[in-house]
There are 2 protein chains.
Amino acid sequence: MTFPDLFERFAAQVLPPKTSDDAHQRLQAIARYSSARAGDAPFKENGKDQIVFVASGSSKLVAHASLGRQQVVAFHFAGDLVSVPGSSAHAYSLCALEDCELIYFPSAEFLQLAQHETGMVAEVLDRALRALARCREKTVTLGRKTAQEKLASFLVTMSERIGAEFAQGVDLDLPMSRQDIGDSLGLTIETVSRQFSDLRAQGLLETPSRSRIRLLDMKALEAKAGHIRAAA
Amino acid sequence: MTFPDLFERFAAQVLPPKTSDDAHQRLQAIARYSSARAGDAPFKENGKDQIVFVASGSSKLVAHASLGRQQVVAFHFAGDLVSVPGSSAHAYSLCALEDCELIYFPSAEFLQLAQHETGMVAEVLDRALRALARCREKTVTLGRKTAQEKLASFLVTMSERIGAEFAQGVDLDLPMSRQDIGDSLGLTIETVSRQFSDLRAQGLLETPSRSRIRLLDMKALEAKAGHIRAAA
DNA sequence: CGTCACCTTGACGAGTCTCAAGTTGTGTGG
DNA sequence: CCACACAACTTGAGACTCGTCAAGGTGACG
């Protein structure tokens, strides 16, 4: 897909309908385009915060700590807007899970321009608050749950975002590897694998192929996830 | 302090200088005031998201999971703006650490009014993005660090927010208990205590009283925190 | 000065990580 | 279309960190 087409996709999803042509053009002027193959880090941050729109595909935001340890901070799918920190106590990088098309802006200029368009800042704020809410939920999962509860939480969350319902369960096609899941949940790949086997043995899911997962009993999974609403 | 005085404090810190009297009054009309003693949960959420301004004192945002487990999602100090979720996979509540004065608004109405004031949404967005950045940093800490690294990270972060520099160290007066620190780091109170003792034995800090902590070697603490910038 | 909550320390066990070996998908080239 | 090769995943055994349970100490308050 060409850059103008992708920018239109961004405009349709993020900009308010009544955005002026002028603002449209100014934004397009600071926008950069990147297409990445699975596994690539599609752009260099050069120390400045970036705002990234995932036009197609899926990506992960990875934080790096000392000793090569990685933490996946968030996953993103087509239509998501991501704020990528340029510098912080930990180094961040955005990385493609599947082949991916991205539009990205220097954060400062983007927010500056946004201010002059009624409704645009509100849209970005709305997305930021939802990202904050997800990050907080993740905090609970990382801080206070067992390996099995972590995996159950992950599967429930993913089924809400990219699940396809069928008969009496949910079909998931996960673009991320076991390693990515582990890096997201603060677990090793081995522990993730063991918990998958455990849930499979309990009849809660099937794994017909590497990336495909069938969740057979959402009620039970939600209970295992330790969500307060599902518990006593 | 009276409600009008507190609201002015909110206005001075959050509203743009050129905010109209009209908007000022509309905001004041939906604002609620609460003063809480240490340990209290100052308001009921009634299922709707709230925006809370901490006018004085300090507070914690607590998420509740099943089996009575608690996770402290964030700490707040005077001048902070907090978004408190009304309903989610986990139940949230805001709780006073010290005696506290709060102004709170129903989130939906607050954001609705904010849209009409140029600059106000931008201010709220800026704060939301900083909250998101802190939450992400916390994610790394919870997911990929040992107990000692977690405590070191906590102390470094707190010294940046409420530390008072002296000679060649930083003086901290922590308003939260060891239990709160544990709930924030995903550790038990015993482990927190042991790590304090350990860091004390290494000569990195002194604890002259329960709440007061002297950080004697910030460089070493930052290295222990596992921040990428301090490491190789 | 006594009381109580908060904090510290110790011993032990459970859960997860590490290291190692084996298995199964997936994609490629014949 | 099949066979091969490699990466991704799974499974097992042992080590280690942190949680649990229990007892003891200490600072802050009336």
Side-chain angles (χ1 to χ4, degrees), chain A residues 37-39 60 65 67-71 97-99 141-155 172-202 205-214 224 226, chain B residues 37-39 65 67-71 97-99 141-154 172-202 205-214 224 226:
Chain A
R37 307 300 307 264
K60 58 179 175 181
L67 307 172
R69 290 173 291 185
Q70 294 197 343
Q71 173 68 38
L97 292 173
E98 308 165 285
D99 293 356
T141 298
L142 289 174
R144 286 291 178 218
K145 295 189 184 173
T146 64
Q148 185 149 138
E149 291 171 326
K150 285 179 178 181
L151 185 57
S153 297
F154 169 81
L155 293 171
L172 273 180
D173 193 358
L174 296 179
M176 68 289 283
S177 67
R178 299 286 188 269
Q179 181 71 60
D180 291 328
I181 297 172
D183 285 345
S184 169
L185 297 174
L187 299 171
T188 59
I189 184 175
E190 294 94 332
T191 300
V192 172
S193 192
R194 275 185 259 271
Q195 296 308 326
F196 264 117
S197 299
D198 202 338
L199 292 176
R200 204 184 303 119
Q202 293 175 48
L205 55 79
E206 289 168 355
T207 53
S209 86
R210 270 195 187 150
S211 64
R212 177 146 289 136
I213 295 172
R214 295 193 146 212
K224 282 219 184 292
Chain B
R37 307 301 305 266
L67 306 171
R69 291 173 291 185
Q70 294 197 341
Q71 173 68 39
L97 292 171
E98 308 165 286
D99 293 356
T141 299
L142 290 174
R144 286 291 177 218
K145 295 189 184 171
T146 64
Q148 186 151 134
E149 291 171 326
K150 284 179 178 181
L151 185 57
S153 297
F154 170 80
L172 273 181
D173 194 359
L174 295 180
M176 68 289 285
S177 67
R178 299 286 188 269
Q179 180 72 60
D180 290 329
I181 297 172
D183 285 345
S184 169
L185 297 175
L187 299 171
T188 60
I189 185 174
E190 293 95 333
T191 300
V192 172
S193 193
R194 274 186 260 268
Q195 296 308 328
F196 264 117
S197 300
D198 202 337
L199 292 176
R200 204 185 303 119
Q202 293 176 49
L205 54 80
E206 289 168 352
T207 53
S209 85
R210 269 189 189 158
S211 65
R212 177 147 288 137
I213 294 171
R214 295 190 147 217
K224 280 216 185 295

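All values derive from a computational prediction rather than experimental measurement. Sequence lines set the chain letters: A, B, ... in the order given, protein chains first and strands last, and positions in each chain run from 1.
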Rounded to whole Å, CG of Asp198(B) lies from C1' of dT9(C) at a distance of 13 Å
Rounded to whole Å, the CZ-C1' distance (Arg69(B) to dT20(D)) equals 15 Å
Taken to the nearest whole Å, CG/Leu151(A) to P/dT10(D) is 10 Å
Exercise for review: Quick one: label Ser193(B) by what it contacts on the DNA or RNA (base, sugar-phosphate, nothing), any heavy atom closer than 4.0 Å.
Suggested key: base
Regarding the side chain of Thr146(B), the nearest nucleotide among dC18(D), dG12(D), dT8(C) is dC18(D)
Per nearest nucleotide of DNA chain D, the residue lying toward the 5' end, Ile189(A) or Ser211(B), is Ile189(A)
Side-chain atoms of Arg210(A) come closest, of dG10(C), dC7(C), dG25(C), to dG25(C)
From CZ of Arg194(B) across to C1' of dT20(D) the rounded distance in Å is 9 Å
Note to self: Is a donor from one side chain sitting under 3.5 angstrom from an acceptor on the other, for Lys224(B) and Gln202(B)?
What the structure shows: yes
When rounded to whole Å, the CG to P distance for the pair Asp183(B) and dC6(C) reads 13 Å
* Asked: Base, sugar-phosphate alone, or nothing: which one does Gly182(A) contact when heavy atoms must sit under 4.0 Å apart?
  -> nothing
Per atom distances to the Leu187(A) side chain, the nearest of dA20(C), dC7(C), dC17(C) is dC17(C)
inquiry  = Under 4.0 Å, counting only non-hydrogen atoms across every strand here, what does Arg200(B) touch: a base, just sugar-phosphate, or nothing?
reply    = sugar-phosphate
Residue pair Arg144(A)/Glu190(A) against DNA chain D: nearer the 5' end by closest nucleotide is Glu190(A)
Between CD of Gln179(B) and C1' of dG19(D) the distance, given in whole Å, is 13 Å
If you draw a 6.0 Å radius around CZ in Arg37(A), do more than 12 non-hydrogen atoms from other residues or ligands fall strictly inside? no
Lys145(A) atom NZ is separated from dG19(D) atom P, nearest whole Å, by 17 Å
Whole-Å distance, Leu142(B) CG to dC18(D) P, equals 13 Å
Backbone N/O of Ile189(B) and side chain of Arg178(B): donor-acceptor pair under 3.5 Å: no
The nucleotide from dA28(D), dC18(D), dT11(D) with an atom nearest the side chain of Ser209(B) is dA28(D)
